[in-house]
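Structure record follows, encoded as structure tokens.
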Amino acid sequence: MKRWHLLVWLIAFAILLPLASITSAQSEPTALVDRALAAAGEREGHPLDRISANYTWDQLVFPDSSYGCPQPGGVYTQNTVSGYKITVSPLNSGNLYDFRASMDGAVFLLCTINGIAPDSKPDASQTAVPPATVVVPPTNAAPSTATINAPILAYVGSDGNVVLRGKEVSPSATITSDADRRFEGQVFYPSATHDYGRFRWSPDGTRLVFTDVRTQQAFIVSNGQAAQLLASNVLVLMPLAWSAQGSEVAYAVPTGQNVPNTPEIVVQVQAIAGAGAAPRVVGSFSFGQGCGGGGYSPALAAYYTDAGYGGNSLALVWTNNGFVHSTNCTGVGIRLTSFDGTTVWELPNVKNLTLSPNGSLAVALSGSQGGNTGFTIDSAVLVNLETGQTTPLLQNANLHALGWSADGTTVYAVTRELASSIDGNANAALGQQLFAVWPDTFSEYKLTLWSLPASGGQPTQLATFAGYAVGNVVGEPGSNRVIVSATASELAAVQAINAGSPIDQVIRLRPVTNLWLVSPGTGTSVEMIAGDAGSPSFSSAAQFNVIPASPVLATDLIVGSKAVVNVEAEDALNLRESPSTTASIVSVLQRGDVVTVIAGPQVVNGLRWWQLRVDATGTVGWAVDQVVENGITQQTLVPQ
């Protein structure tokens, strides 16, 4: 199966155009996008275009001629077909329209609106903006609290959920449980129900805010409390910003209002004191659009997920004079807009703005527009957030990522230099199945971590990694240790494909982002502390009390419905005589087996069991719908 991948978080922007740097990206199906905008506009009662609506498109291979959207009574050929999934989300309503189409447009249908069939009657609770999934402790027991001691690190775990961990790994707690990050169809690009990240701690470290780009919502976790919904309809790729005292947190909201004679929109800044409080408008600014693309390599997709679109995380900083913010969706360009909406200063040729711990300064990459990547870096600079004045800190054309020590005295920089490249074998069918673009040239880089005084001085080399890119560099409070999130390259996977290795071996070489702990000193040590993880962020607090999310996820299984076994290809699901881990095994189910749910659920041994009938054999038994391994919850049965 060949899969064209468009990162879902690009729906935060209204115009999706391939970047010049992504020369291998698939061209947008313009006519079909126009058709989807027109069809959604008819439903909305007014015309829609690329300014008044967000949209995404994804070229996929579907298992049959239903294009992934079977209709009641429909009859479909069982051969795979290529086509498009196109989503449209009007800015003024928040509805999400999901269209499916054949490559030539002969088949074009509206699959769902807000996740339900277009002719279905929504529940009374259905709203235009998808409702938040708020983590709530089980009602049949008092919530248990885990106490995590400094250094307190937040990051996104391998299952896509938010993890907090303390000193020397343990204890740790997962504070969301519904991300459902998975790799469907044995491909290199993950799917997920939620895409959490973009962490920001309050100045005292007692509250953590983060966003979910799939629902365009923001969440907050306070000391001793469970995760709660903070705000909806948020410009989620732009982080939230705390006030200097930490009494409020600000977030950006797209208004749908265009700035006359420009491709920009007006973004409103709202501030809120906490979950359930009433927000207030504290400012507004203009924000440029025009981002998008497709056909990303697996390493590039993983890097963008960790570092932000284009590798340039967006900025939003609450200052005494207004809000420092990115000027457009590419992340290149920074502006201070006062509370009354006027521009105080602007730096069009800086990116990767990284705030100092005390919020008075930032460090950024400076350069010029152009070059093979669209932006040529020449130096790292300190930025005075009050005046916009920049001070050169380090000149190096290979600069790539930046960070701060927790005490603000040291700046960290990462350089990126090409180490080796490999071409994919054009005749390797497995490469075409697993990669969005194949054949292509895939590269690995030498990634070097440096430290230098924030006041200026000579850099000191700390560590070197072999990989694709670095997304985040964060200093650990109370020490000189550093966390680096580094994405591996595709070289090992491409070499295995070129050598004719089987798919199960190649999949194990999928490039992921790992968290590395660098301990400088005599004989600097480097150790991986979390695999397939990202977006690390430290709290300044000495202690944090956490209510972990329930490990048992909600289920959509219904008695009388059909389900599909969802275990990994090398695993199996035991069908037992009764709902117990000690009961006799009557059958072993493989990935893709179809079953009918005939009774349940029953909770036994801390697991949720369903009685099933195997469609192919008629065998009846009991199986669990999810298991937890290494702290990761895997759904073993999903609705058909």
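All residue numbers refer to positions in the sequence shown, counting from 1.
In this structure, OH on Tyr251 lies 9.5 Å from CG on Asn233, to the nearest 0.5 angstrom. With rounding to the nearest 0.5 Å, the separation of CZ in Arg214 from OH in Tyr196 is 11.0 Å. Separation of atoms CG (Leu235) and CD1 (Ile265) is listed at 6.5 Å; rounding is to 0.5 Å. Ile334 contributes atom CD1, which lies 10.5 Å from atom CG of Leu316 (distance to the nearest 0.5 angstrom). Summarising the geometry, atom NE2 belonging to His400 is positioned 9.5 Å from atom OG1 belonging to Thr415; distances are rounded to the nearest 0.5 Å. Taking OG1 of Thr343 as the start and CZ of Arg335 as the end, the distance is 5.0 Å to the nearest 0.5 Å.
Taking 4.5 Å as the limit, some side-chain heavy atom of Arg510 sits within range of a side-chain heavy atom of Asp532. Thr176 has its side chain out of reach of Phe219: every pair of non-hydrogen atoms, C-beta onward, lies at least 4.5 Å apart. The closest side-chain heavy-atom distance from Thr87 to Leu96 is below 4.5 Å. The side-chain heavy atoms of Arg416 and Tyr468, taken from C-beta on, include a pair separated by under 4.5 Å. Side-chain contact between Leu230 and Leu240: present, with at least one pair of heavy atoms (C-beta onward) separated by less than 4.5 Å. Taking the side chain as every heavy atom from C-beta outward, Pro151 and Leu153 never approach each other to under 4.5 Å. Side-chain contact check for Lys351 versus Thr330: every heavy-atom pair is 4.5 Å or farther apart. Counting only heavy atoms from C-beta outward, the side chains of Trp516 and Met528 approach each other to under 4.5 Å.
Side chain of Trp201 to main chain of Ser537: a donor-acceptor pair is present (N/O by atom type, distance under 3.5 Å, no hydrogens or angles). Judged by distance alone, the side chain of Asp195 and the main-chain N or O of Asp212 form no donor-acceptor pair under 3.5 Å. With Asn223 contributing its side chain and Asn545 its backbone, the two residues share a donor-acceptor pair below 3.5 Å. Proximity of a side-chain donor or acceptor of Arg200 to a complementary backbone N or O of Pro239 within less than 3.5 Å is not detected. Panel note: side chain Ser405, backbone Asn480; no donor-acceptor pair is recorded below 3.5 Å. No donor-acceptor pair under 3.5 Å is formed between the side chain of Trp242 and the backbone N or O of Pro203. A donor-acceptor pair under 3.5 Å is formed between the side chain of Asn161 and the backbone N or O of Asp178. The main-chain N or O of Gly157 is never found under 3.5 Å from a side-chain atom of Arg181 such that the two would form a donor-acceptor pair. No donor-acceptor pair under 3.5 Å is formed between the side chain of Tyr155 and the backbone N or O of Arg165.
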After noting the C-alpha distance and the side-chain angles of Val381 and Val383, does the key distance pass the side chain to side chain contact (heavy atoms under 4.5 Å, CB included) rule? CA-CA 6 Å; Val381 296; Val383 181; 4.2 Å; yes

Show, in sequence, the C-alpha distance, side-chain angles and deciding distance for Phe323 and Phe285, and conclude whether the ring-ring contact (aromatic ring centres under 6.0 Å, His included) test is met. CA-CA 9 Å; Phe323 290 94; Phe285 55 81; 7.6 Å; no

Do Leu164 and Leu208 pass the side chain to side chain contact (heavy atoms under 4.5 Å, CB included) test, and can you show the C-alpha distance, the side-chain angles, and the key distance before you say yes or no? CA-CA 10 Å; Leu164 296 184; Leu208 172 68; 4.1 Å; yes

Begin with the C-alpha distance, continue with both residues' side-chain angles, and end with the deciding distance and a verdict on side chain to side chain contact (heavy atoms under 4.5 Å, CB included) for Val221 and Phe210. CA-CA 9 Å; Val221 179; Phe210 56 94; 3.8 Å; yes

Would Thr305 and Thr513 satisfy side chain to side chain contact (heavy atoms under 4.5 Å, CB included), going step by step from the backbone distance to the final call? CA-CA 9 Å; Thr305 299; Thr513 301; over 6 Å; no

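Of all non-hydrogen atoms in Ile152 and Ala542, the two that sit nearest each other are CD1-C, 4.2 Å. Nearest heavy atoms, Asp204 versus Ser540: C-OG, 3.4 Å. Contact detail for Val267 and Ala252: the closest heavy-atom pair is CG1-CB, 3.4 Å. Pairing each heavy atom of Gly205 with each of Ser539, the nearest pair is O-OG, 2.8 Å. Shortest non-hydrogen contact noted between Gln270 and Val282 is C-CG2, 4.2 Å. When all heavy atoms of Phe199 and Val162 are compared, the pair lying nearest together is CE2-CG1, 3.7 Å.
Relative to the six-membered ring of Phe544, Arg207 misses at least one condition, a distance below 6.0 Å or an angle of at most 45° to the axis.
In this structure, Gln225 places its CD atom where more than 12 heavy-atom neighbours from other residues, nucleotides or ligands lie under 6.0 Å away. Within 6.0 Å of CD in Gln389 there are 12 or fewer heavy atoms belonging to other residues, nucleotides or ligands. Atom CG of Asn320 has 12 or fewer neighbouring heavy atoms from other residues, nucleotides or ligands inside a 6.0 Å radius.
Checking Thr319 against Asn321 by side-chain atom types alone, no donor-acceptor pair falls below 3.5 Å. Residues Ser485 and Asp306 bring a donor and an acceptor atom of their side chains to less than 3.5 Å of each other. Thr211 and Arg198 are linked by a side-chain donor-acceptor pair at a separation below 3.5 angstrom, with hydrogens and angles left out of the test.
When Asn312, Val350, Val332 are each tested for a side-chain contact (heavy atoms from CB on, under 4.5 Å) with Phe375, only one passes: Val332.
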